[in-house]
Amino acid sequence: MPVMPRWPPTLGLIDSGISPGVAPRPRLARFHSPGGADPEDRLGHGRAILATLGHYLPLPPREIALYKLFEDRLTADAAALAAAFEWHAEAPPAWLLCSLGLPRADARLWAAVERLRQAGTRIVASRPRFGAPVYPAAWPGVIAVSGAAGLLPGPPRKSRDGRWYACVWAAREGPEEGGVWQPWQMGPPPPGTPPPLGGASFAAAHALGYWLAESLEGSKAADETLGSVGQSG
């Protein structure tokens with residue numbers, strides 16, 4: 001039986017893990033892997049997602065609930081994704097980032113998404129800019145984000161058709177912000193720099209990072225003004 005946190009995690013992630021060297025489960029608010037694996041990311045996607053979120057704010061691991069869905073490859077079927085959402089619904093986080101989508105709607109996944117939404121979790125999901133809809137991004141109440149190569153990091157933009165767009169490029173991992181070359185910086189990358197990662201997954205992470213920083217900053221301002229503990233919706 002998993003140990004539940006005393007308070008809801010700030011951020012729920014469904015991805016491939018966290019950086020090597022980060023202490024395992026005790027430092028995460030919650031952790032689960034269907035295969036019983038450790039939280040270490042062997043694919044690089046989860047680390048890039050966390051680096052992108054970290055471009056906007058520091059988020060201690062103890063505030064993160066991680067469901068390690070990807071172990072050997074970045075694919076999952078409907079049952080596996082639904083199980084990840086159901087696990088998060090056991091202790092609903094304030095925000096949940098889903099950086100993948102299914103080509104067809106699934107009843108079990110829909111039920112888990114609705115359970116989280118009813119608990120107050122804000123679900124941010126990636127959606128391709130073109131082509132057929134994907135789920136959960138296409139469902140009402142889910143905040144869907146697509147990538148736009150011309151956008152820099154910062155506030156996501158909402159188009160006239162109501163769709164959200166954000167920077168498509170993943171941030172680089174680095175000990176200090178500004179000390180590592182980023183794919184949106186002007187000029188050529190230093191020799192030996194690996195190719196940049198990009199896609200709707202990272203657009204969703206950019207948007208969530210901005211909104212999460214804004215939400216936490218709003219909470220601090222409310223605390224200072226009202227002298228009470230609170231979080232913006």
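- Closest approach of A149 to W169, counting heavy atoms only: O-NE1, 4.1 Å.
- Atom CZ of R30 and atom CG of L66 lie 11.0 Å apart (nearest 0.5 Å).
- Contact of the L69 side chain with the L81 side chain is registered, since non-hydrogen atoms from C-beta on lie closer than 4.5 Å.
- Side-chain contact between P155 and W211 is absent, with no heavy atoms from C-beta onward closer than 4.5 Å.
- The environment of CZ in R157 is sparse: at most 12 heavy-atom neighbours from other residues, nucleotides or ligands sit within 6.0 Å.
- You'll find the side chain of P93 stays beyond 4.5 Å of the side chain of L11, heavy atoms only.
- Not one N or O on the side chain of S99 forms a donor-acceptor pair closer than 3.5 Å with the backbone of S201.
- Residues G17 and L50 come closest through the heavy atom pair O-CD1, 4.2 Å.
- Using a 4.5 Å cut-off on side-chain heavy atoms (C-beta onward), L116 and I123 make contact.
- Checked by atom type and distance alone, the side chain of Q182 pairs as donor or acceptor with a backbone atom of R172 at under 3.5 Å.
- Across L57 and G209, no two heavy atoms sit closer than the pair CD2-O, 4.0 Å.
- With rounding to the nearest 0.5 angstrom, the CZ atom of F70 is 12.0 Å from the OG atom of S33.
- T52 contributes no side-chain N or O that, together with a main-chain N or O of A205, makes up a donor-acceptor pair within less than 3.5 Å.
- Of all non-hydrogen atoms in A112 and F85, the two that sit nearest each other are CB-CB, 3.6 Å.
- Using a 4.5 Å cut-off on side-chain heavy atoms (C-beta onward), L53 and Y210 make no contact.
- R108 has a carboxylate O that lies under 4.0 Å from a charged side-chain N of E86, or vice versa, which qualifies the two as a salt bridge.
- A tilted orientation is assigned to the rings of Y67 and H88, their planes being inclined by 30° to 60°.
- A single hydrophobic cluster is not seen to contain both L208 and L151; linkage of ILVMFWY side chains at heavy-atom distances under 4.5 Å, directly or through other members, places them apart.
- If you check the side chains of S146 and R163, you find a donor sitting under 3.5 Å from an acceptor.
- Under the 4.5 Å side-chain heavy-atom criterion for ILVMFWY residues, no single connected hydrophobic cluster contains both V134 and L74.
- Under a 3.5 Å cut-off, the side chain of R115 and the backbone N or O of W110 do not form any donor-acceptor pair.
- Counting only distance, with no hydrogens or angles, the side chain of K68 and the backbone of E40 share a donor-acceptor pair below 3.5 Å.
- Judged by a 6.0 Å distance limit and a 45° cone about the ring axis, R127 is not positioned over the six-membered ring of W164.
- In this structure the side chain of S126 never reaches within 4.5 angstrom of the side chain of F202, judged on heavy atoms.
- For the 3.5 Å distance criterion, the side chains of E173 and S19 qualify, holding a donor opposite an acceptor.
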Exercise for the section: Given side chain to side chain contact (heavy atoms under 4.5 Å, CB included), test D38 with F31 step by step and report yes or no. Expected result: CA-CA 9 Å; D38 58 56; F31 170 74; 5.7 Å; no

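- Counting only heavy atoms from C-beta outward, the side chains of V145 and P156 never approach each other to under 4.5 Å.
- Contact record, P183 with P196: CB-CB, 3.5 Å, taken as the closest heavy-atom pair.
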Problem - side chain to side chain contact (heavy atoms under 4.5 Å, CB included) assessment of I18 paired with L28 - result: CA-CA 10 Å; I18 58 179; L28 292 168; 4.3 Å; yes

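- A heavy-atom distance below 4.5 Å is not found between the side chains of L96 and V124.
- Linking Ile, Leu, Val, Met, Phe, Trp and Tyr residues whenever their side-chain heavy atoms come within less than 4.5 Å leaves Y165 and L212 in two separate clusters.
- Distance check, rounded to the nearest 0.5 Å: CG of L97 to CG of D15 gives 7.0 Å.
- With hydrogens and angles disregarded, a donor-acceptor distance shorter than 3.5 Å links the side chain of R47 to the backbone of D41.
- A144 and A137 get closest at one heavy-atom pair: CB-O, 3.5 Å.
- In summary, the aromatic rings of W184 and H206 are positioned with their centroids under 6.0 Å apart.
- Cluster membership check: Y135 shares its hydrophobic cluster with I14, using side-chain heavy-atom separations under 4.5 Å among Ile, Leu, Val, Met, Phe, Trp and Tyr.
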